[in-house]
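For reference, the structure discussed in these notes is given below.
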Amino acid sequence: MEDRSIQIQLGIGAIAASVFLIAIAIPFWVSSPSNVPNIILSPLFWPNVLSALTGLVGAGLILTSLARPRPEHPAKLDVDDRPAAFRRLAIMAVIMTATVLVMPRLGLVWTAMVTFVATAFLVKTKHPKAAVVCAVLIPLVLYVFFAHIAGVAIPQGDFVRLP
Amino acid sequence: MSFIDSLLAGLQLVGNVEAFLALGLGVAIGVIGGAIPGMSATMAVALTLPFTFSMSPITGILLLLGVYKGGIFGGSIPAILIKTPGTPASSATVLDGYPMAEKGQAGKALGMALWASCTADLISNLALIFFAGFLASFALSFGPPEFFTLILFSLTIIAGVSGDSLLRGALSAMLGLLLATIGLDLVYGTNRFTFGNPNMMGGLNFIAVLIGLFAIPEILSMVWNPSSHDGVARSLGKNKVTFQEYRRSFKSIVRGSFIGVFLGSIPGIGAAPSAFLSYSEARRKSPNKENFGNGEIEGVAASEAGNNGVAGATLIPLLALGVPGDVITAIIMGAFMIHGLQPGPMMFVLNVDVIYGLFIGLIVSSVFLFFLGSVAIRGFKYVADIPRGVLFPAVLILCVYGVFAVNNNIFDVGVMFAMGGVGFVMMRYKVPAAPFLIAFILGPLLEDNFRQSMLMSGSSGWVLFRGPITWFFWTLTAITVFAIVRAGIRATRQPSVPTP
């Protein structure tokens, strides 16, 4: 992507975020006591100021991008197969979401092993055996450190409990 | 407490095997982390942070400082051997380091990088020791208005210099400041963007945001393009750096070290600009200037001195003013707070033993860096051969454990993944992450000092201009904004460059 279109997209995004914050998010999700003596001291003041500044920065991004001359050469793509790259990203998002959702039931150690293997195969590791061995060993070593040395209560899950 | 008393108190705190072991281990982790392309010193420090929770404050912080120092040097190894800087600070080292490696002089280039790094590191540490206390005693007279103007100045400079576009840096800082408003209001205790979720009432966890912004995007980049980070390592060759060559480059090393100290002590500038400035100054002053870019050993020395000269100096604003000098010191600031210490001028009064313990540890770290760096140069082949398809899933698991361990809270792991997504989008859109993180840390301080100033003055804005210190920071802020806007206008007039 060229700098010019990045700036325009960022500018539009920043203005949209600013409008959303001022019109919806702040009135609905920021509460303020009714007896605040001065607007400057209100809990609403700072978020409103920052939102307005975000909008201004967005406007600045659009204006400066329009002032830029167009590039002479088109941008090169960073990956050959973009749909496949987006597919991998979507699968990674599923892995991450599943990690958070499954962890209380399965336990951190077993979830970490599954996540490790899934990620390694997603990035097409050239060393699948090493990946599987590491997927078992690394979560166990980390469990020993955090649970038995650092005293962290690592979630054990409902199925197999570790000592 | 006299200087000798303070020194002895510090020595008492760090004069044990555990502290020096942590420091040495930290340097080793840092060198390895910095040497792995795609890892970076920042990520190495962030991933080490959760392991310090069970340690005493001084041991934990020494471990992190070791990782920081080692990481900055470690980045030069892949920069020279595979033309891929392990950390952004080593970008200038590629210019002459890789051409030297192509000529079969990689061993010489790495040797010079190590000598220059250790020399600059020592100079930077001494600068920290001499200036931090002086600055802290000056900062003791700061009230909320002075701190507000100081933090505002820091944010201006951070937003302006941490990327190729001021506005993108400013956008990043705004997003960080907005994210910092999540949680209970500082004065009235009312909800701000908490959505009734008790996990959000204390604000988002700093470690989750940090690791999410700096480690997860690298993993997502690997998922996006699994063939990235591949490189062919050059052999070390038979040549070693000689004392003659070190002496010939000594002026450039010292000059680069002072450039690093100066730029490092200004919050937000960081190591990469310092390395490039040191390199260009060395080229300007060198009789072999035409050889720069083609494998000039003085170029390697200057860039490494420039980036390592920053390492100690970035701790000056952190320790003396409580303002992080760069992203890594922002993480170290988080470590201080996790261990119940608040960096800033009062630390020189309340925790002087910790301060002097750190000073002693930092001086020793230069020695560790020299010996461990020599080993790392020879062992890089093994580090470079770690398969990325195994390394990055391991980093992911380390992130999950580390973030969970902060509060024993799965919600934080979710925050980390969400911030990872944000960080990846920012990376794709070339929005620098550093202003985001530093603004996220400084945001509550900025707001708190602003509101305290208003409470003090009965909501009169004039309190923010109440004395010479506030005027000094307002002037600096105005000069910085003017300089950055001017540079931005010049950049806008140049043709846009297509990027991948």
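Chain letters run A, B, ... following the sequence lines, proteins first and then strands; every chain starts at 1. The basis for the numbers below is simple: all heavy atoms, side chains too, and nothing from hydrogens, waters or symmetry mates.
No donor-acceptor distance shorter than 3.5 angstrom exists from the side chain of B:Arg192 to the backbone of A:Val30, with no hydrogens or angles considered.
Of the listed residues (A:Ala131, A:Ser31, A:Ala153, A:Gly58), the one with the most heavy-atom contacts under 4.5 Å to chain B is A:Ser31. Ranked by heavy-atom pairs under 4.5 Å with chain B, the list A:Ile138, A:Val117, A:Leu61 is led by A:Leu61. Of all the listed residues (A:Pro47, A:Cys134, A:Ala130, A:Ala93), the one sharing the greatest number of non-hydrogen pairs under 4.5 Å with chain B is A:Pro47. The most heavy-atom pairs under 4.5 Å with chain A, out of B:Met416, B:Glu447, B:Met174, B:Met55, come from B:Glu447. Of the listed residues (B:Phe411, B:Phe53, B:Phe424, B:Phe404), the greatest number of heavy-atom pairs within a distance under 4.5 Å of chain A belongs to B:Phe404. Contact tally against chain B (heavy-atom pairs below 4.5 Å) for A:Thr115, A:Thr125, A:Val123: the top residue is A:Val123. Most heavy-atom pairs under 4.5 Å with chain B: of the set A:Met113, A:Met103, A:Lys124, this distinction falls to A:Met103. When each of B:Thr194, B:Leu220, B:Val390 is scored by its heavy-atom pairs under 4.5 Å with chain A, the top score falls to B:Val390. For the set A:Leu10, A:Ile39, A:Leu122, the entry with the most heavy-atom pairs within less than 4.5 Å of chain B is A:Leu10. Note: B:Val223 leads B:Val223, B:Leu178, B:Val413 in heavy-atom pairs under 4.5 Å with chain A. Of the listed residues (B:Val400, B:Ile216, B:Leu175, B:Leu396), the one with the most heavy-atom contacts under 4.5 Å to chain A is B:Leu396.
Ring orientation note: the planes of A:Phe145 and B:Phe51 are tilted relative to one another, at an angle of 30° to 60°.
Interface remark: A:Val49 contributes no atoms to any contact with chain B (heavy atom separation under 4.5 Å). Contact of A:Met92 with chain B is made through the side chain alone, with heavy-atom distances under 4.5 Å. Proximity to chain B (any heavy atom under 4.5 Å) is shown, for A:Pro104, by both the backbone and the side chain. Heavy-atom distances place both the backbone and the side chain of A:Ile26 under 4.5 Å from chain B. Of the atoms belonging to B:Leu391, not a single heavy atom falls under 4.5 Å from chain A. For A:Ile154, the parts lying near chain B are the backbone and the side chain together; criterion is any non-hydrogen pair under 4.5 Å. The parts of A:Phe116 that come within reach of chain B are both its backbone and its side chain, each placing non-hydrogen atoms under 4.5 angstrom from that chain. With a 4.5 angstrom heavy-atom cutoff, B:Phe195 touches chain A only via side-chain atoms.
Looking at A:Thr97, A:Val100, A:Ile95 one by one, the single match for side-chain contact (heavy atoms from CB on, under 4.5 Å) with B:Phe417 turns out to be A:Val100.
Taking both residues in full, the closest heavy atoms of B:Gly389 and A:Ala120 are given as O-CB, 3.6 Å, listed atom of the first, atom of the second, then distance. Here the closest non-hydrogen pair linking A:Ala112 and B:Ile397 is O-CD1, 3.2 Å. In plain terms, the two heavy atoms of A:Ala14 and B:Leu171 that are nearest each other are CB-CD1, 3.7 Å. For B:Ser54 against A:Ile149, the heavy-atom pair with the smallest separation is CB-O, 4.2 Å.
The CH2 atom of A:Trp29 sits 13.5 Å away from atom CG of B:Asn191, with the distance rounded to the nearest 0.5 Å. In this structure, the separation between CD1 on B:Ile219 and OG1 on A:Thr119 is 8.0 Å, given to the nearest 0.5 Å. Interatomic distance, A:Leu108 CG to B:Tyr401 OH, rounded to the nearest 0.5 Å: 4.5 Å. Between the CZ atom in B:Arg451 and the CD1 atom in A:Ile40 there is a gap of 11.0 Å [rounded to 0.5 Å]. Atom CG of B:Leu167 and atom CD of A:Gln7 lie 6.5 Å apart (nearest 0.5 Å). Taking CZ of B:Phe193 as the reference point, atom CZ of A:Phe28 lies at 12.5 Å (rounded to 0.5 Å).
Looking at heavy atoms from C-beta onward, B:Met454 lies out of side-chain contact with A:Phe45 at the 4.5 angstrom threshold. Proximity of A:Ile6 to B:Arg168: side-chain heavy atoms (C-beta onward) are separated by under 4.5 Å at one or more points. At a threshold of 4.5 Å between non-hydrogen side-chain atoms, the residues A:Leu41 and B:Tyr188 count as touching. When side chains are defined from C-beta on, B:Tyr429 counts as touching A:Gln9, because their heavy atoms get closer than 4.5 Å. Two residues are said to be in side-chain contact when any heavy atoms from C-beta on lie closer than 4.5 Å; A:Pro43 and B:Val187 fail this criterion. When side chains are defined from C-beta on, A:His127 counts as touching B:Pro387, because their heavy atoms get closer than 4.5 Å.
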